[in-house]
Number of protein chains: 2
Amino acid sequence: MEQTEEQSESTNSALKRVQETAEAKAHTYDASKYERPSVTVDVVMMSLRKRDLQVLLIKRRSWPYEGMWAIPGGFVNIDESLETAAKRELQEETGVQDVYLEQLYTFGDPGRDPRTRVITVVYFALLDSERLQVRAADDAADVGWFSVYDLPSLAFDHEKILHYSLERLRGKLDYTTIAFSLLPEQFTLRELQRVYEIILHKRLDKRNFRKKILSTGILEDTGAKKMEGTHRPARLYRFNPEAEAKL
Amino acid sequence: MEQTEEQSESTNSALKRVQETAEAKAHTYDASKYERPSVTVDVVMMSLRKRDLQVLLIKRRSWPYEGMWAIPGGFVNIDESLETAAKRELQEETGVQDVYLEQLYTFGDPGRDPRTRVITVVYFALLDSERLQVRAADDAADVGWFSVYDLPSLAFDHEKILHYSLERLRGKLDYTTIAFSLLPEQFTLRELQRVYEIILHKRLDKRNFRKKILSTGILEDTGAKKMEGTHRPARLYRFNPEAEAKL
DNA sequence: CTGACTTAGTGTATTTACCACACTAATATA
DNA sequence: TATATTAGTGTGGTAAATACACTAAGTCAG
C-alpha cells in the first residue's frame with residue numbers, strides 16, 4: 001500500500017573509473033552527440049469505463065511508429081522530481097489531479113527508441129470513474145481510451161509495459177486498497193465487487209466477497225442508499241482509510 | 001518471481017510541448033550546464049555472512065559525504081542496458097557473476113546529490129554464501145560488508161534505499177523462491193530455515209517450516225547427507241526450479 | 001394494478017491452511 | 001562411556017477460504 005520515497009545516490013570511488021571508460025566504450029549508437037541517455041516519464045493511466053478496464057493512449061503523429069498508439073509521457077525537467085513530472089503529465093493529458101500514482105518500473109534498453117537512447121521511468125495511475133468524465137473526449141483525435149483486453153497495435157514496446165501494469169494491478173488488488181481509487185467516494189458493494197471482477201477477469205462469489213470485505217472493517221456504511229434501474233436499492237459505502245485493516 | 005523485460009518509450013504528440021517548456025522552467029538548480037539529468041545505476045548487494053544478513057558498501061573518498069559508506073554504483077554507458085550496467089558494477093565490485101538481480105526502484109529527486117541532478121536506478125542483488133568468499137576482502141580499505149541490522153552512517157539517502165531493499169526482500173520471501181539464491185546448490189532444511197529467520201528477523205517453528213516447504217514439492221532430496229560438528233547428519237536438498245509450485 | 005423481471009442481501013457446512021507444542025535417535029567430543 | 005548437540009517426526013485446535021440457493025424490494029410494461 002505504500003511506496004517509499006524518492007532519493008539516493010551513487011557516485012563513489014568506483015564511479016570515476018566507470019565514468020572514464022563510459023565514453024571510451026561508447027562506440028556510438030545513433031548519436032555520439034548524446035553522450036548520456038535522456039530520461040522521460042511515461043504514465044499508464046487506467047480507469048473503469050463501461051464495465052471495462054481501459055487505458056489512456058495517445059496517437060503518434062510522427063516517425064517513428066507514426067499513426068500508432070502510445071502511452072503518454074515526456075521529458076523530466078531538470079528541477080522537478082520524477083513523481084512531479086508524472087503528475088504534470090497527467091495534468092496535461094487529462095486535466096485530473098490527485099489520483100493514485102505509483103512508480104512502476106524503469107525501462108532503458110538501448111535501441112528501444114530508434115532516435116536516441118532514452119531511459120523511461122514508468123508510472124502507473126488510476127482514475128476514479130467519476131472524475132474521469134472531466135476531459136477524455138477533448139482533443140479526441142489524438143487521445144483515446146482502450147480496453148486493456150482489446151488493445152490496438154502499440155508503438156515501441158508499450159504492449160509489454162501494459163502487460164506489466166496489469167500484472168502489478170492484479171497483484172496488489174488483494175493486499176492493498178488500490179481498488180478504491182477506481183471508484184467514486186461512495187459506492188455499493190456490488191460495484192466494488194465488479195471492480196475486482198473486471199481487473200481479475202473472473203467471476204467472484206457474492207457472499208464470500210461481501211463477507212471478506214466487510215470483515216476487514218475497511219468500509220463505512222454511509223446510511224445512504226442507491227436506487228437505480230430496475231433493482232432493489234443498495235447500501236452505499238465509503239472507504240475508511242483510518243481503518244488500517246489488512247485485506 | 002518474475003521481473004518483466006526492459007523497454008518502452010514516450011515521445012509523442014504531447015512530448016514536444018513538454019520539451020519546449022522544460023528548459024524554460026529550469027530556473028537552474030546548481031548546474032545550468034546540465035540541461036538533462038544524469039543516470040546512474042546503484043546496486044544493493046546482500047548476502048548471508050556469519051549467520052547475518054549483510055550488505056556490501058563502499059567508503060567514499062571525496063566530497064560530498066567524504067569518509068562515509070555508500071551503495072556502489074556508476075554511470076550507465078550509452079550503449080548498455082540498465083541491467084547490463086548493474087551486472088558490470090557487480091563484476092567490478094565483487095568479481096561475481098550470475099547472481100540474482102532485480103530492479104528495485106528509481107530515485108530521482110532533484111537535490112539528492114549536491115553536485116548535480118542524478119537519477120539513479122537501483123538494482124537489488126543476492127549472492128549465495130559460497131561464491132561470496134571469492135573476493136570481498138580484496139581492497140578491504142574501501143569495501144566492506146555490514147549487517148543490515150547494524151549499519152554505519154550512510155552517504156546521501158542510502159539508508160532509505162537499504163530499508164526499502166530489506167522490505168522488498170521480506171515481502172518476496174514467502175511467495176517467491178528468492179531465498180534459494182542466498183544458498184549454495186545443496187543445503188539442509190535447517191540452513192534454509194535459518195535464511196528465513198535471518199531475513200524475517202524472527203524465530204520460526206521447525207516442524208511447521210519443514211512441513212510447508214516440503215509440501216510445495218519445490219525441493220529435491222539429493223540423497224547425500226551433511227555431517228558437521230557434533231550433530232546428527234542432515235539430508236541435503238537441492239532447489240528444483242522445474243517444480244513450479246507456489247510457496 | 002398486476003405480473004414479470006432484476007438485483008440486494010443473507011447463512012451454513014466443508015475443506016483447507018495455520019499454529020502451538022515435545023520427544024527420540026544419530027553423531028562428535030571430552 | 002557419558003555428555004552435548006542437532007535432525008527428524010505428528011497431532012489436535014483454530015481460523016480462513018470455499019461452495020452453494022433462496023427471499024424481498026424495487027422497476028417497468030402491459
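Order of the sequence lines fixes the chain letters, A, B, ..., with proteins taken first and strands second; residue numbering starts at 1 for each chain. These numbers come from a predicted model, not from an experiment.
Taking the six-membered ring where the residue is Trp, the centroids of A:F209 and A:Y196 are separated by under 6.0 Å. For an aromatic pair to be called close, the ring centres must be under 6.0 Å apart, and A:Y105 with A:Y164 satisfies this.
B:R210 comes within 4.0 angstrom of a base, heavy atoms only.
One can place NZ of B:K226 at 17 Å from C1' of C:dA26, the figure rounded to the nearest angstrom. We find that CG of A:L236 is positioned 12 Å from P of C:dA8, with the value rounded to whole Å. Atom-to-atom, CZ of B:F209 to P of C:dA17 comes out at 18 Å; the value is rounded to the nearest Å. Remark: P of D:dA7 and CZ of B:F187 are 14 Å apart, rounded to the nearest angstrom. As rounded to whole Å, 11 Å separates atom C1' of C:dA28 from atom CE of B:M227. We find that CD1 of B:I213 is positioned 11 Å from P of C:dC18, with the value rounded to whole Å. Rounded to an integer number of Å, the gap from CG of B:L214 to C1' of D:dG8 is 11 Å. Computed from coordinates, the A:R190 CZ to C:dT6 C1' distance equals 12 Å when rounded to whole Å.
You won't find any donor-acceptor pair under 3.5 Å spanning the side chain of B:R232 and the base of C:dA26, going by distance alone.
Put simply, the side chain of A:T222 gets close to the backbone of A:L236: a donor and an acceptor are under 3.5 Å apart. Side-chain N or O atoms of B:R168 include one that pairs as donor or acceptor with a backbone N or O of B:L104 at under 3.5 Å.
In this structure, the side chains of A:L48 and A:Q54 stay at 4.5 Å or more apart for every pair of heavy atoms.
With rounding to the nearest 0.5 angstrom, the CZ atom of A:F124 is 7.5 Å from the CG atom of A:L166. In this structure, CD on A:E185 lies 10.0 Å from CG on A:D128, to the nearest 0.5 angstrom.
Taking for each of B:H231 and A:P233 the nucleotide of DNA chain D with the nearest heavy atom, the 5'-most of the two is the partner of B:H231.
For B:R207, there are no side chain to side chain donor-acceptor pair (under 3.5 Å) partners two or more places apart in sequence or in a different chain.
For the helix from C:dC1-D:dG30 to C:dA30-D:dT1, the terminal axes (five pairs an end, C1' atoms, rotation from four pairs onto the next four) enclose an angle of 20°, given to 10 degrees.
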Give the C-alpha distance, both sets of side-chain angles, the deciding distance and a yes or no for ring-ring contact (aromatic ring centres under 6.0 Å, His included) between B:F239 and B:F187.
CA-CA 9 Å; B:F239 167 48; B:F187 48 86; 8.2 Å; no
Starting at the 5' end of nucleotides 11-21 of chain D, put B wherever the base has a protein heavy atom under 4.0 Å, S where only the sugar-phosphate does, and a dash everywhere else.
B------BBBB
